[in-house]
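For reference, the structure discussed in these notes is given below.
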Amino acid sequence: MLQLCPNGGRTAAHVPDTPPRLAAAVRASGLGDVHLHPRDAHGAETMEPAPVAEAVAAVRAAAPGVAVGVTTAAWIEPDPARRAALVRSWTVLPDHASVNWHEDGADLVAEALLERGVGVEAGLFSGTDAAARFLAWPHADRVLRVLAEVTDTDPATAPGAAGSLLADLAPVARPILLHGEEGGAWPVLRLAARLGLSTRIGLEDTLLLPDGAPAPDNTALVNAARALLS
Ligand SMILES: C[C@H](N)CC(=O)CC(=O)O
């Protein structure tokens with residue numbers, strides 16, 4: 001499975017931010033799964049119910065059948081109790097949401113998502129104690145998937161960091177989506193392809209095509225990823 005990550009927290013003219021732009025990016029990609037970061041009226045990332053509802057509904061209207069995921073990252077709302085309360089206030093539910101397991105209160109946020117029937121993507125960053133913390137959580141077997149997130153951005157060493165992270169995840173019994181970021185995005189995507197793991201691509205993870213040229217949009221990244229995965 002190839003997931004689209006069209007925006008993350010980036011702000012650049014070609015990075016989609018509004019619901020119509022996110023919806024157009026998802027539709028153009030032709031992919032069946034998306035992880036997006038809803039934005040407020042000023043373009044800042046948000047977990048507030050109205051912008052989450054607008055982003056999710058816009059994507060569903062433009063690309064029916066696509067599994068729509070959102071972020072719950074702590075840099076958006078540092079208080080985990082507040083993040084869990086925001087999840088409980090959502091009026092339109094995404095299909096899934098990522099939870100970064102090294103962040104304090106990840107279990108509270110994930111339990112709010114489970115309570116609401118939203119699939120949990122457990123984000124386990126390399127170089128953190130996230131894998132051990134996640135495996136100690138009593139509901140680890142209830143997540144939709146694990147996002148194995150390689151934070152090493154050096155193309156030479158990111159695949160090794162991915163290997164260490166995957167070794168830590170050996171006891172995980174749920175599907176794994178492996179991805180990197182910045183200079184690590186393409187080497188880690190190639191590794192995911194070799195291992196037969198799900199992966200993701202989009203302007204959240206890299207602004208560059210595999211040859212180092214700037215990507216004009218998400219679709220160019222997706223086309224390049226498809227070529228590598230085929
Ligand atoms: C640093 C990663 N790009 C974060 C990520 O993809 C998951 C999240 O939305 O929190």
Side-chain angles (χ1 to χ4, degrees), residues 1-12 15-17 22 25-26 31 33-40 43-48 51-52 55-56 59 67-80 82-84 86-87 90 94-110 112-113 118-128 130-131 133-134 143-154 158 161-162 165 169 176-189 192 197-208 215 218 221 225:
M1 186 273 277
L2 179 62
Q3 181 185 69
L4 178 68
C5 53
N7 64 342
R10 290 196 204 267
T11 50
V15 176
D17 46 6
L22 285 163
V26 176
L31 296 181
D33 200 299
V34 62
H35 160 87
L36 58 84
H37 291 225
R39 305 295 183 86
D40 68 16
E45 295 166 274
T46 179
M47 287 179 60
E48 292 292 334
V52 169
V56 172
V59 171
V68 187
V70 301
T71 181
T72 67
W75 59 82
I76 298 170
E77 169 51 67
D79 176 359
R82 171 90 183 121
R83 287 205 302 288
L86 283 165
V87 167
W90 286 347
D95 297 284
H96 53 75
S98 63
V99 180
N100 297 326
W101 225 266
H102 62 281
E103 295 173 348
D104 282 342
D107 53 343
L108 296 181
V109 179
L113 290 165
V118 177
V120 174
E121 290 187 315
L124 308 184
F125 285 29
S126 62
T128 72
R133 285 169 70 159
F134 172 69
V143 300
L144 176 65
R145 68 176 73 93
V146 162
L147 298 183
E149 309 203 37
V150 179
T151 57
D152 183 341
T153 58
D154 182 333
L165 178 59
L169 299 184
I176 294 176
L177 184 158
L178 174 67
H179 76 98
E181 57 188 24
E182 308 300 354
W186 292 111
V188 174
L189 184 138
L197 293 173
S198 293
T199 188
R200 75 180 203 185
I201 199 65
L203 291 168
E204 171 168 357
D205 283 353
T206 182
L207 296 173
L208 303 178
N218 278 291
L221 292 172

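Since the structure is predicted, the reported quantities are computational estimates derived from the model, not experimental observations. Counting starts at 1 for both ligands and their atoms, following the listed order.
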Discussion item. Could you check whether Glu181 pairs with Arg10 (Lys NZ or Arg NE/NH1/NH2 to Asp/Glu carboxylate O, under 4.0 Å)?
Written reply: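 No, Glu181 and Arg10 are not salt-bridged.
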
Identity and separation of the nearest protein heavy atom to [atom]:
atom                    : answer
atom 9 (O) of ligand 1  : Thr71 OG1, 2.7 Å
atom 3 (N) of ligand 1  : Glu204 OE2, 2.7 Å
atom 10 (O) of ligand 1 : Asn100 ND2, 2.8 Å

Worksheet item: Which one holds for Arg200 and ligand 1: side chain close, backbone close, both close, or neither close, with close meaning a heavy atom under 4.0 Å?
Response: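 For Arg200, the contact with ligand 1 is made by the side chain alone.
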
Item to complete: Would you tell me whether Trp75 and Glu45 have side-chain atoms, one donor and one acceptor, within less than 3.5 Å of each other?
Response: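 On atom types as modelled, these side chains qualify, holding a pair under 3.5 Å.
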
Worksheet item: Do Asp17 and His37 meet the criterion of a side-chain donor-acceptor pair at a distance under 3.5 Å?
Response: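 Side-chain D/A pair, Asp17 to His37: absent.
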
Should [X] be counted as touching ligand 1, given the test is an N or O pair under 3.5 Å?
X      : value
His37  : yes
Asp205 : no
His35  : yes

Practice prompt. Heavy-atom contacts with Ala73 under 4.0 Å: which atoms of ligand 1 show up? List them by number with element.
Written response: 10 (O)

Discussion item. Restricting to non-hydrogen atoms, name the atom on Val26 and the atom on Val59 that form the minimum distance, rounded to 0.1 Å.
Written reply: CG1-CG1, 3.9 Å

Discussion item. Taking only non-hydrogen atoms of Ser98, do any sit less than 4.0 angstrom from ligand 1?
Written reply: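 Checking ligand 1 against Ser98, which is what was asked, there is a heavy-atom contact under 4.0 Å.
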
Worksheet item: Has Glu103 got any heavy atom lying under 4.0 angstrom from an atom of ligand 1?
Response: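 Flag not set, Glu103 not near ligand 1.
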
Discussion item. One pair to check against salt bridge (Lys or Arg N to Asp or Glu O under 4.0 Å): Arg83 and Glu77. What are the steps and the verdict?
Written reply: CA-CA 6 Å; Arg83 287 205 302 288; Glu77 169 51 67; over 6 Å; no

